[in-house]
Enquirer: 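Sharing a structure below in structure tokens format, with a few things to ask.
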Amino acid sequence: MAETIRASQLYLPTLREDPAEAEAVSHRLLLRAGMIRRVGAGLYTLMPLGWRVYRKIEQIIREEMDAIGGQEMLMPLLTPAELWQKTGRYELPELFRLRDRSERPYVLALTHEETVTHHATELRSYRQLPQIWYHFGLKERDEPRPRAGLLRVREFIMKDSYSFDRDEGGLATSYEAHAGAYRRIFDRCGLDFYEVQSDVGLMGGSGAHEYMAPCDAGENHVVLCTGCDYAASVDVAESVPTPPDFPEPRGAPEEIETPGVETIDALAKMLAIDPRATSKAMPVVGPDGTLVLGLVRGDHRLHELKMQKTLGGEFRPAHADEIREAFGAEGGSLGPVGVDLEVVVDEALRRGQFVAGANRTGYHLLGVEAMRDYAPSQFSDLREVEPGDACIRCGATLRVEPAIEVGNIFKLGTRYSEPLDATYLDEDGTERPIVMGSYGIGPARTMAAIIEQWHDHDGIVWPRVAAPFDVHVVSLSAAGAQIGEISDDVAGTLESAGYSVLIDDRDLRPGEKFADADLFGCPVRITVGKRSIEDGAVDVRSRFNGEEERAPASSAAEALDARWGSLP
RNA sequence: CGGGACGUGGCGCAGCCUGGUAGCGCACCUGCUUUGGGAGCAGGGGGUCGCGAGUUCAAAUCUCGCCGUCCCGACCA
């Protein structure tokens with residue numbers, strides 16, 4: 001949008017030094033550029049400059065949502081507890097609960113499935129379907145650990161949309177439409193991203209993808225195949241583990257003394273065997289309060305979420321006294337043989353003979369074989385995929401990358417329509433539950449992810465679509481009133497040519513203005529100072545690569561046009 | 001929730017060990033000089049030292065408790 005804003009009229013609280021609280025790149029730069037300020041743990045204000053960026057991203061999302069037939073609306077943050085009690089989400093630990101003056105219970109929405117489904121109860125006929133409704137609404141989550149500025153917060157605006165269809169086929173269409181819109185949104189934002197299969201998480205439902213922007217500050221991990229396009233969140237990723245070097249098979253387990261050995265590394269070293277030919281026992285207390293033994297290969301890591309799914313709920317590691325009572329041995333010497341417990345076993349242990357704890361402190365068993373020597377209650381995928389594992393589709397090597405989740409899409413099915421009774425009548429008069437999907441994007445998190453990917457040591461390097469302004473005119477006006485006038489003329493010309501312009505007319509020294517310009521990261525900087533103006537020129541510089549050229553002040557807009565298309 | 005660290009003008013920090021009425025840099029205000037990569041000189045304003053108890057003649061400093069924040073892990077989109 002063409003406009004000109006004077007820096008002297010904008011609150012720009014930039015910081016010369018890195019704030020002590022900030023570690024992640026985006027957090028540091030957002031604070032230093034005066035785009036955000038902290039209010040409390042995980043609570044941030046978007047300051048004027050940051051809000052400008054936010055709104056640009058929001059507008060991109062809005063355009064793409066409208067393009068797939070989304071209808072924008074606005075739902076309240078404060079919602080009656082009743083809705084959440086009906087869907088069973090009232091007990092979620094991250095839910096903020098509160099009461100009004102007459103003690104009625106309320107909830108601060110952490111997403112809007114309940115609310116939107118409440119509205120969907122007014123949909124009565126198949127003729128009204130499908131629908132896509134969305135809003136940009138505040139979400140509140142009592143996160144156990146907010147971190148890294150905007151990357152993980154307790155209050156944030158989310159674009160959440162919801163689709164309502166007659167059946168699974170309709171849902172598949174709405175879901176695909178969203179996937180396409182999301183790819184366009186993140187492409188337009190200049191983000192490098194992966195679309196990965198993911199866990200259904202808090203929302204519940206039958207299928208999901210996440211949009212992951214790779215960056216060092218990312219707290220999620222994405223499994224990627226080097227050979228094909230397999231991509232999945234570690235939460236759901238599967239792989240073929242590297243094969244162990246097995247020792248000679250034995251006819252029966254053989255006990256061996258392993259004094260003081262408490263780790264897999266120590267065990268493998270002592271027995272001079274491949275750590276991959278060992279097993280590791282993790283006693284846990286399952287959701288029903290009983291002790292369960294989880295068994296994975298020695299070199300593997302038990303994946304919390306997969307274990308949770310296998311056990312059907314939350315679990316915790318068993319305490320030392322519980323272990324002693326059940327096994328008669330210490331934690332380092334546990335195994336599946338001869339125990340009277342449910343034993344859930346990772347698929348990697350299905351075939352082959354492994355070393356296992358002997359349930360006698362200081363002893364292990366060689367040659368332990370599933371089915372022959374112990375009876376697993378089930379085999380299941382329990383382990384976390386490791387870099388170097390093989391792809392289940394093509395066999396090529398997998399790698400794992402940190403990434404930040406900027407969006408997700410879920411097939412909800414009837415997870416919410418059934419408990420909230422959102423039904424419609426079919427052609428033949430049959431009442432059926434509406435089939436739903438839900439789709440989220442965090443615009444502010446997207447903004448932070450862009451910074452994680454687009455910055456250098458001087459500051460942010462915004463792609464054009466997200467920049468707070470197209471052009472930053474640095475007016476070195478202290479050198480004379482004439483320069484101020486010429487700067488205004490140049491800004492006016494640029495605005496007429498359709499650009500949004502920040503004109504730095506502040507009474508600051510050149511160095512400070514340049515430093516701020518680098519920090520803000522507008523794609524093009526135009527300097528008006530006495531050095532160039534003697535021959536009636538200005539200096540046009542790209543933030544992206546630092547290329548600078550001198551152009552006549554009268555044709556600043558043409559010089560900008562000329563390089564605009566080549567900028568990211 | 002477990003581990004670690006921190007809390008001293010707006011920001012970044014020192015002082016704490018070895019108690020004696022608070023200091024540095026930046027920022028801010030005034031004046032003069034300066035002005036193409038975070039200026040110089042002079043003058044000036046601003047702090048219940050996170051909160052509460054305790055020890056002591058005396059506490060930013062020692063002790064105990066609490067609160068807050070950040071980082072790692074756990075957990076979680």
Side-chain angles (χ1 to χ4, degrees), chain A residues 13-24 27-28 31-32 34 37-43 92-95 110-111 113 139 141-149 151-154 156 158-160 196 198-205 208-213 217-220 233-235 301-305 307-308 314-317 403-410 438-442 445-446 449 458-459 474-480 483 504 506-519 525-534 537-539 541 546 548 550:
Chain A
T14 55
L15 302 174
R16 180 185 294 235
E17 293 169 272
D18 280 333
E21 70 192 55
E23 191 101 334
H27 189 193
R28 267 177 32 224
L31 282 167
R32 285 195 54 203
R37 281 296 184 264
R38 196 179 68 87
V39 178
L43 301 171
L92 281 179
E94 40 278 287
L95 201 66
L110 51 64
T111 66
E113 278 81 3
K139 304 288 176 276
R141 297 185 185 181
D142 193 357
E143 289 286 348
R145 182 149 106 81
R147 62 174 287 274
L151 290 184
R152 179 162 222 91
V153 293
R154 297 200 294 173
F156 61 102
M158 181 190 268
K159 186 292 297 174
D160 39 330
V196 305
S198 70
D199 183 61
V200 294
L202 281 183
M203 307 306 148
H209 285 83
E210 288 171 337
Y211 293 81
M212 296 285 203
E219 42 183 357
N220 299 79
S233 154
V234 277
D235 292 342
R301 295 202 308 178
L302 183 75
H303 188 85
E304 200 93 21
L305 198 60
M307 182 70 166
Q308 230 177 68
E314 306 235 330
F315 66 94
R316 61 165 174 85
I404 180 77
E405 180 190 345
V406 287
N408 52 41
I409 56 180
F410 293 95
S438 87
Y439 316 89
I441 292 180
R445 187 185 267 189
T446 301
D458 293 320
V474 175
S475 171
L476 302 178
S477 46
I483 287 183
D504 195 345
R506 296 175 298 174
D507 184 21
L508 293 178
R509 304 179 62 78
E512 297 172 84
K513 293 192 179 191
F514 290 139
D516 278 355
D518 289 342
L519 212 44
R525 183 184 87 189
I526 294 184
T527 306
V528 184
K530 74 164 184 266
R531 191 185 285 176
S532 61
I533 219 65
E534 283 163 1
V538 297
D539 291 320
R541 179 190 174 96
E548 190 163 31
R550 186 151 291 185

Enquirer: On a whole-Å scale, what distance lies between the C1' atoms belonging to B:rC49 and B:rU61?
Expert: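 About 10 Å, rounded to a whole number of Å.
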
Enquirer: Of the nucleotides B:rC70, B:rU35, B:rA77, which one has an atom closest to the side chain of A:Arg445?
Expert: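 Nucleotide nearest to A:Arg445's side chain: B:rA77.
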
Enquirer: Send over the distance from A:Leu31 CG to B:rU69 P, rounded to a whole Å.
Expert: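 After rounding, the gap between these two atoms is 15 Å.
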
Enquirer: Please report, rounded to the nearest Å, how far the P atom of B:rA39 is from the CG atom of A:Leu508.
Expert: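 It is 10 Å, rounded to the nearest whole Å.
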
Enquirer: Please state how far atom CG in A:Leu15 lies from atom P in B:rA27, giving the value in whole angstrom units.
Expert: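 Rounded to whole Å, this separation is 13 Å.
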
Enquirer: Measure the shortest side-chain to side-chain distance between A:Leu31 and A:Arg37 over non-hydrogen atoms and say whether it is less than 4.5 angstrom.
Expert: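 Touching, per the 4.5 Å side-chain cut-off.
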
Enquirer: Can you tell if the side chain of A:Thr527 reaches within under 4.5 Å of the side chain of A:Leu476, non-hydrogen atoms only?
Expert: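 When only atoms from C-beta onward are counted, A:Leu476 and A:Thr527 do touch, with a gap below 4.5 Å.
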
Enquirer: Respond yes when some side-chain nitrogen or oxygen of A:Arg509 is under 4.0 Å from OP1 or OP2 of B:rG38, and no when none is.
Expert: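 Answer no for this pair, as no side-chain N or O of A:Arg509 is under 4.0 Å from OP1 or OP2.
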
Enquirer: Heavy-atom nearest nucleotide on RNA chain B for A:Glu23 versus A:Phe514: which residue maps closer to 5'?
Expert: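 This one resolves to A:Phe514.
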
Enquirer: Between B:rA5 and B:rG47, how far apart are the two P atoms, rounded to whole Å?
Expert: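 About 32 Å, rounded to a whole number of Å.
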
Enquirer: Grab the two heavy atoms, one from A:Ser532 and one from A:Ala537, that are nearest each other, plus how far apart they are.
Expert: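 For A:Ser532 and A:Ala537, the tightest heavy-atom pair comes out as OG-O, 2.9 Å.
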
Enquirer: Taking the minimum atom-to-atom distance to the side chain of A:Ala41, which one of B:rC70, B:rC11, B:rG37 wins?
Expert: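 Selected nucleotide: B:rC70.
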
Enquirer: Counting any heavy atom closer than 4.0 Å, what does A:Arg154 reach on the DNA or RNA strands: base, sugar-phosphate only, or nothing?
Expert: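 The answer is nothing, as A:Arg154 stays clear of every strand by at least 4.0 Å.
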
Enquirer: Below 4.5 Å, heavy atoms only, C-beta onward: do A:Val474 and A:Phe514 meet side chain to side chain?
Expert: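 They are in side-chain contact.
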
Enquirer: Check every strand shown and say whether A:Glu405 touches a base, only sugar-phosphate, or nothing at a heavy-atom separation below 4.0 Å.
Expert: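 Base, at least one base heavy atom under 4.0 Å.
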
Enquirer: What is the distance, rounded to the nearest whole Å, between atom CG of A:Leu95 and atom P of B:rA77?
Expert: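 My rounded result for the distance is 13 Å.
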
Enquirer: Counting only side-chain heavy atoms from C-beta out, which of B:rC71, B:rU69, B:rA77 sits nearest to A:Arg147?
Expert: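 Taking heavy atoms from C-beta onward, the closest nucleotide is B:rC71.
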
Enquirer: I'd like the C1' distance from B:rU69 over to B:rC11, given in whole Å.
Expert: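 That atom pair is separated by 16 Å.
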
Enquirer: With sugar-phosphate meaning primed atoms plus P, OP1 and OP2, does A:Phe156 contact a base, only sugar-phosphate, or nothing at under 4.0 Å between heavy atoms?
Expert: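 Since a base atom lies under 4.0 Å of A:Phe156, the category is base.
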
Enquirer: What about A:Arg152, does its side chain sit under 3.5 Å from the base of B:rA77 through a donor-acceptor pair?
Expert: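 In this structure, the two groups form no donor-acceptor pair.
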
Enquirer: Would you measure the distance from the C1' atom in B:rU63 across to the matching atom in B:rG19 and give it in whole Å?
Expert: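 So the two C1' atoms sit 13 Å from each other.
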
Enquirer: Among the nucleotides B:rA77, B:rC72, B:rA39, which one has an atom lying closest to any side-chain atom of A:Glu512?
Expert: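 Nearest to the side-chain atoms of A:Glu512, counting from C-beta on, is B:rA39.
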
Enquirer: Can you tell me the distance, in whole Å, between the CG atom of A:Leu519 and the C1' atom of B:rC11?
Expert: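 Result: 14 Å.
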
Enquirer: Do A:Asp518 side-chain and B:rG37 base share a donor-acceptor contact under 3.5 Å?
Expert: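 Yes, a donor-acceptor pair under 3.5 Å.
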
Enquirer: When both hydrogen-bonding distances must be under 3.5 Å and the geometry is Watson-Crick or G-U wobble, what is B:rC17 paired with, if anything?
Expert: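 By the stated definition (distances under 3.5 Å), nothing pairs with B:rC17.
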
Enquirer: The side chain of A:Glu94 lies closest to which of these nucleotides: B:rG37, B:rC76, B:rG38?
Expert: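 Among B:rG37, B:rC76, B:rG38, the one nearest the side chain of A:Glu94 is B:rC76.
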
Enquirer: State which of B:rG12, B:rA74, B:rC76 makes the closest approach to the side chain of A:Glu143.
Expert: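 Shortest atom-to-atom distance from the side chain points to B:rC76.
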
Enquirer: If we take the C1' atom in both B:rU48 and B:rG9, what is their distance in whole Å?
Expert: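 These two C1' atoms come out 13 Å apart once rounded.
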
Enquirer: Between B:rC71, B:rG38, B:rC76, which nucleotide gets closest to the side-chain atoms of A:Asp516?
Expert: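 Of B:rC71, B:rG38, B:rC76, B:rG38 is nearest to the side chain of A:Asp516.
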
Enquirer: Between B:rG25 and B:rG65, how far apart are the P atoms? Round to whole Å, please.
Expert: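 It works out to 38 Å between them.
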
Enquirer: Looking at the side chain of A:Ala515, which of B:rC71, B:rU69, B:rG37 is the nearest nucleotide?
Expert: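 Nucleotide nearest to A:Ala515's side chain: B:rG37.
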
Enquirer: Quantified in whole Å, what is the P atom distance between nucleotide B:rG23 and nucleotide B:rA39?
Expert: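 Rounded to whole Å, the distance is 27 Å.
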
Enquirer: For A:Ala148, which contact category applies under a 4.0 Å heavy-atom criterion: base, sugar-phosphate, or nothing?
Expert: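 Contact class for A:Ala148: sugar-phosphate only.
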
Enquirer: Looking only at non-hydrogen atoms, find the nearest pair between A:Pro146 and A:Glu143 and report the distance.
Expert: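 Shortest heavy-atom contact: CD-O, 3.9 Å.
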
Enquirer: Check this for me: does the side-chain of A:Arg32 come within 3.5 Å of the base of B:rG38 through a donor and an acceptor?
Expert: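 Result: at least one qualifying N/O pair found.
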
Enquirer: Looking at every non-hydrogen atom in both residues, tell me the closest pair between A:Asp142 and A:Arg154 and how far apart they are.
Expert: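 For A:Asp142 and A:Arg154, the tightest heavy-atom pair comes out as OD1-NH1, 3.7 Å.
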
Enquirer: Rounded to the nearest Å, what distance is computed from the NZ atom of residue A:Lys530 to the P atom of nucleotide B:rU34?
Expert: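 Taking atom P of B:rU34 as the reference, NZ of A:Lys530 is at 11 Å.
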
Enquirer: May I ask you to say what A:Arg525 touches in the nucleic acid, namely base, sugar-phosphate or nothing, with a heavy-atom cut-off under 4.0 Å?
Expert: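 A:Arg525: base contact, heavy atoms under 4.0 Å.
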
Enquirer: Is any side-chain nitrogen or oxygen of A:Arg16 closer than 4.0 Å to OP1 or OP2 of B:rA27?
Expert: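 For B:rA27, OP1 or OP2 has a side-chain N or O of A:Arg16 closer than 4.0 Å.
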
Enquirer: Do A:Arg152 and A:Glu219 have side chains that approach each other closer than 4.5 Å (heavy atoms only, starting at C-beta)?
Expert: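 Side-chain contact under 4.5 Å: yes.
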
Enquirer: Find the distance A:Arg145:CZ to B:rA74:P and express it as a whole number of Å.
Expert: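 Those two atoms, CZ and P, are 10 Å apart.
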
Enquirer: Please figure out whether A:Gly40 or A:Pro19 has its closest RNA chain B nucleotide nearer the 5' end.
Expert: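 Looking at RNA chain B, the more 5' nearest nucleotide goes with A:Pro19.
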
Enquirer: Can a side-chain donor-acceptor contact be found between A:Asp504 and A:Ser475 if the only test is distance below 3.5 angstrom?
Expert: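 No.
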
Enquirer: What integer number of Å spans the C1' atoms of B:rC57 and B:rC41?
Expert: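 Roughly 45 Å separates the two C1' atoms.
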
Enquirer: Can you check the A:Leu476 CG to B:rG38 C1' distance for me, whole Å?
Expert: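 So the CG-C1' distance, A:Leu476 to B:rG38, works out to 14 Å.
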
Enquirer: Mind checking if A:Arg38 touches a base, just sugar-phosphate, or nothing, with heavy atoms under 4.0 Å?
Expert: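 Answer is sugar-phosphate: A:Arg38 comes under 4.0 Å of backbone atoms only.
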
